[in-house]
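Residue numbers start at 1 and run along the sequence shown. First listed ligand is number 1; within each ligand, the first listed atom is number 1.
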Amino acid sequence: MHLKKHLSFSALRKTLSDRFNQIDDFRQNGKIDYPLHDCLMSGFAMMFFQDPSLLAFQQRMQDSIEQSNLTTVFSVSDIPKDSQMRDVLDLVPPQAIEPVFSDFLNKLQRGRHLAHYQFIDDMYLIPMDGSEYFSSEKIHCPSCLLTQSKKGKLRYHHQILQPAIVHPDKRQVLPLAPEQISNRDGTTKQDCEINAGKRCIKKIRKAHPKLKIIITGDSLYSKQPFIDELKKAKMSFILAAKPKDHKVLFQWVNELFQLGEGGDLKFTDSKGRHHCYQWINTVPLNGTKDVDDVNFFQYQIVSKDNKVTYRNSWVTDFIIDQNNVVMLVKGGRARWKIENETFNTLKNQGYHIEHNFGHGDQNLSYVFLLLNLVAFYVHQILDLTDGLYQTVRYKKFTSRKEYFNQLRCTFRIILFNGFEHMLNYILDPPMVRAP
Ligand SMILES: [Zn+2]
């Protein structure tokens, strides 16, 4: 089967190894039992197969036949014990792992896969969305967010802001490096998320200086200071704008619509639903002096029996007309892809992002989150580009759960010389008698 070599599992794993090998070992010489690479790669392997017992099984294989899949598939020379791996990962600075996300994106670009994600005017749509990946009343670390309930109960939690390149017509999402939301960012939940958002914008621009970008986000972000940050970073935007957050804007818009200004587009689909688009260019974002003008659009779906089943509104820097309004709405609505196809998958479909793999005293919780996201990213790339992976995943198994069960079982007990070797085996396993 034809494989694009630079995007095969082995090539992606090698990119990961190269990145891990570049991280300075922060440990004192006398105390080093296992190479940093091996600890990070073992953590990645656990996430890749979504198997918390992976290290123990590979150690058993190693003891029994003097080799293991961790060596042949993941290039781990020495299998660390679970607790040792956690101790080491706890000390890894998370920023050292982040460049992996751009390494993979650059590979997709070179393989001409990224171009398929161009949305409007060869620009890429990047929704950003916040999510909580850990919560506890007991376990905590110095980077935990701390909130107190009305009854005085303390809760420790971790939140990230996750950007990803998406296309409304594509199933796979391409995550960029996330940004931690920190207590130092402000006193309110909004401050915290907006400040993390500003850092995130700077980080994306630094990692991808030439990428043409449209940022989409919820109503929290359609504020002047955030739009200033986007302009500085030369990024376009499609940001949700809700009436409760934008009273002045909606006054303007509603009055202008009543005067017959702006444009509209309506059609009825084959199911009898009415799709209504309305827009107006050049309206003030809010009532303060020197505020930017923005372009406003809204969209609603009305069912056959006249019930509004969906309604939303956005502001953008694109000049809106009847030729682009449908696409702009698709862009604004693509934010759900992060919620649905990234976070939902990570939380509920086997990745157990909220599961406590170990919290650590420093960075462990976030390092595991990053390794989990990197594993998710590799699955997304293989799903997008690798014929053998697609065949095994979709022709052989109907559910993700069944597929991962099979991967885990096979990986635990049979030695392979690489991941492709393993996929070929699963595709057509030889029948054997138990010894
Ligand atoms: Zn913590």
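- Protein atoms of type N/O/S that fall under 2.8 Å from the Zn ion (ligand 1) number 4 in this view.
- Between His379 and Phe48, the ring planes lie tilted relative to each other; the angle falls in the 30° to 60° range.
- Residues in residues 102-116 take part in these salt bridge (Lys or Arg N to Asp or Glu O under 4.0 Å) pairs, two or more places apart or across chains: Arg19-Asp103.
- In this structure, Arg393 satisfies the cation-pi test against Tyr403, with its NZ or CZ atom closer than 6.0 Å to the six-membered ring centre and inside 45 degrees of the ring normal.
- Note on residues 49-72: pairs passing salt bridge (Lys or Arg N to Asp or Glu O under 4.0 Å), not counting sequence neighbours, are Asp51-Arg412.
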In a table with atom names and distances, give each donor-acceptor pair under 3.5 Å that connects a side chain of residues 235-245 to protein atoms at least two apart or in another chain.
from   : atom 1 : to     : atom 2 : distance (Å)
Ser236 : OG     : Asp317 : OD2    : 3.0
Lys242 : NZ     : Asn312 : OD1    : 3.4
Asp245 : OD2    : Ser219 : OG     : 2.7

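- Residues Asp383 and Tyr394 form a side-chain contact, since some pair of their non-hydrogen atoms from C-beta on lies under 4.5 Å apart.
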